[in-house]
Undergrad: 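Have a look at this one before I ask anything.
Letters go in sequence order (proteins before strands), and every chain restarts at 1. The structure displayed is predicted, hence computed values, not measured ones.
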Amino acid sequence: MKINPVGLYTHLCKSFGPQHWWPMDHSHHEQNNTDPRFEVMIGAILTQNTAWTNVEKAIKQLKKHHLLSVQALKDADTELVKTCIRSSGYFNQKAKRLQYLSNYLAERYDGDLDQFFLQSTDRLRKELLSLHGIGPETADSMLLYAAKKPVFVVDTYTKRLSKRLPLPVNAASYDDIQHYVEHELKKEYSTHELVQVYNELHALIVNLGKYYCKPKPICPNCPLLSLCHFGQQQEKEV
DNA sequence: ACCCAGGCGCATG
DNA sequence: CATGCGCATGGG
């Protein structure tokens, strides 16, 4: 039995329901006027190899110190930034990455995210990837969750899944997996729907990962075992 | 006391 | 090209 991304998405939706990651519709209980897109970009860097619960605390601290804007973060004392984001781990590197991004946006786009995101998705992605501390997953998270571009985000869980599932193709690298998933989902959904589908699918795979895609063990209690014959597939040998 | 989390940059072979 | 390592806190 082969599993393609469309079937996987359908099954995960039924099993886990909506995930609402970075929906940006919190405006009713956001009293401060920070740009939610910038908050998403900051969150994308802070969550690199880090549990989201740790990132939430860091973002709360940044907000408390009014550092959640391009200008404020650019001008902030680096030691204060480190203190604020301490809970998210790797705070030395991440403080530098946050301020590097802020400096770039300030100097290049006068801190105007509308102007920045106006460019084509391809150009935006290359530009983000050229920045220190922004790799493929962070760039794509920003494109999907901040800029609302139809880009599928590949993470560690997605890579593990693509090895363990009986996929019709052998996709190994980040770009391989991304192109394959996007190619399959484009057949089923319109461009407008794709933003929502990529959003949900990425979140659903991360959620599934908590049950199934741990580095070592394969959890026999995965809710999809009975649905998809997961777990019967051996890890592919190198 | 482990293992792990919504990676990335850099140094090696 | 493809591994390997350091980075660091907090929750299970």
Undergrad: Please give, in whole Å, the distance from B/dG6 C1' to A/K159 NZ?
TA: 12 Å
Undergrad: In chain order, what residues pass the ring-ring contact (aromatic ring centres under 6.0 Å, His included) check against A/F116, with sequence neighbours excluded?
TA: A/Y109
Undergrad: Name every donor-acceptor pair, under 3.5 Å, that has one atom in a side chain of residues 192-200 of chain A and the other anywhere in the protein, sequence neighbours excluded.
TA:
from   : atom 1 : to     : atom 2 : distance (Å)
A/E193 : OE1    : A/S190 : N      : 2.9
A/E193 : OE1    : A/S190 : OG     : 3.3
A/E200 : OE1    : A/Q19  : N      : 3.1

Undergrad: Is there a residue in residues 128-141 of chain A whose heavy atoms reach under 4.0 Å of DNA chain C, and which residues are they?
TA: none
Undergrad: Keeping to residues at least two apart or across chains, list the salt bridge (Lys or Arg N to Asp or Glu O under 4.0 Å) pairs with something in residues 117-139 of chain A.
TA: A/R125-A/D140
Undergrad: Verify the contact: side-chain N or O of A/Y157 to OP1 or OP2 of B/dA5, cut-off strictly under 4.0 Å; return yes or no.
TA: yes
Undergrad: Just to verify, what does A/T158 make a side chain to side chain donor-acceptor pair (under 3.5 Å) with, not counting sequence neighbours?
TA: A/D155
Undergrad: Output side-chain donor-acceptor pairs under 3.5 Å for residues 43-50 of chain A, partner residues at least two apart or in another chain, one line each.
TA:
from  : atom 1 : to     : atom 2 : distance (Å)
A/T47 : OG1    : A/T50  : O      : 3.2
A/Q48 : OE1    : A/R97  : NH1    : 2.7
A/Q48 : NE2    : A/G133 : O      : 3.0
A/Q48 : NE2    : A/T138 : OG1    : 2.9
A/N49 : ND2    : A/Y90  : OH     : 2.9
A/T50 : OG1    : A/Q48  : O      : 2.9
A/T50 : OG1    : A/S88  : O      : 3.1
A/T50 : OG1    : A/K94  : NZ     : 2.9

Undergrad: Nearest whole Å is fine: how far is B/dG7 P from A/I85 CD1?
TA: 16 Å
Undergrad: Distance check needed: B/dC8 P versus A/I45 CD1, whole Å only.
TA: 10 Å
Undergrad: By centroid distance (under 5.5 Å) and plane angle (under 30°), are A/W21 and B/dG6 in a stacked arrangement?
TA: yes
Undergrad: Using the P atom in both, what is the distance from B/dC4 to C/dC5, to the nearest Å?
TA: 16 Å
Undergrad: A/I42 CD1 to B/dG7 P: how many Å, rounded?
TA: 17 Å
Undergrad: Less than 4.0 Å between a side-chain N and a carboxylate O, is that true for A/K159 and A/D176?
TA: no
Undergrad: To the nearest Å, how far apart are A/H20 NE2 and B/dG6 C1'?
TA: 17 Å
Undergrad: Between protein and nucleic acid, restricted to nucleotides 6-9 of chain C and to nitrogen or oxygen atoms under 3.5 Å apart, what atom pairs and distances do you find?
TA:
from  : atom 1 : to    : atom 2 : distance (Å)
C/dC7 : O4'    : A/Q93 : NE2    : 3.3
C/dC7 : O2     : A/Q93 : NE2    : 3.2
C/dA8 : OP1    : A/N92 : N      : 2.9
C/dA8 : OP1    : A/N92 : ND2    : 3.4
C/dA8 : OP1    : A/Q93 : N      : 3.4
C/dA8 : OP2    : A/N92 : ND2    : 3.1
C/dA8 : O4'    : A/Y90 : N      : 2.9
C/dA8 : N6     : A/Y90 : OH     : 2.3
C/dA8 : N1     : A/Y90 : OH     : 3.0
C/dT9 : O2     : A/N54 : ND2    : 3.1

Undergrad: For B/dC3 and C/dG6, measure between their P atoms and round to the nearest Å.
TA: 15 Å
Undergrad: According to salt bridge (Lys or Arg N to Asp or Glu O under 4.0 Å), does anything in residues 77-88 of chain A pair up with another residue at least two apart or in another chain? List the pairs.
TA: A/E79-A/K82
Undergrad: Quick one: ring-ring contact (aromatic ring centres under 6.0 Å, His included) pairs with a partner in residues 118-140 of chain A, sequence neighbours left out?
TA: none
Undergrad: Please state whether the phosphate of B/dC4, meaning OP1 or OP2, lies under 4.0 angstrom from any side-chain nitrogen or oxygen of A/R160.
TA: no
Undergrad: Would you please name every residue forming a side chain to side chain donor-acceptor pair (under 3.5 Å) with A/D110, sequence neighbours left out?
TA: none
Undergrad: Would you mind reading off the distance between A/K96 atom NZ and B/dC8 atom P, rounded to a whole angstrom?
TA: 17 Å
Undergrad: Does A/T53 make a side-chain N or O approach to OP1 or OP2 of B/dA5 shorter than 4.0 Å?
TA: no
Undergrad: In this structure, how many angstroms lie between the P atom of B/dA5 and the CG atom of A/L208, rounded?
TA: 13 Å
Undergrad: Send over the distance from A/L161 CG to B/dG6 P, rounded to a whole Å.
TA: 14 Å
Undergrad: For atom C1', what is the distance between B/dA1 and C/dG10, given to the nearest Å?
TA: 15 Å
Undergrad: Quick check: closest heavy atoms across A/M41 and A/A146, and the distance to 0.1 Å?
TA: CG-CB, 4.1 Å
Undergrad: Kindly express the pairing pattern of DNA chain C in dot-bracket notation, using | wherever a base pairs with another strand and counting only Watson-Crick or G-U pairs under 3.5 Å.
TA: |||||||.||||
Undergrad: With sequence neighbours left out, write down each residue that passes ring-ring contact (aromatic ring centres under 6.0 Å, His included) with A/Y174, or none if nothing qualifies.
TA: none
Undergrad: Using a strict 4.0 Å threshold on nitrogen-to-oxygen distance, state whether A/E107 and A/K74 make a salt bridge.
TA: no
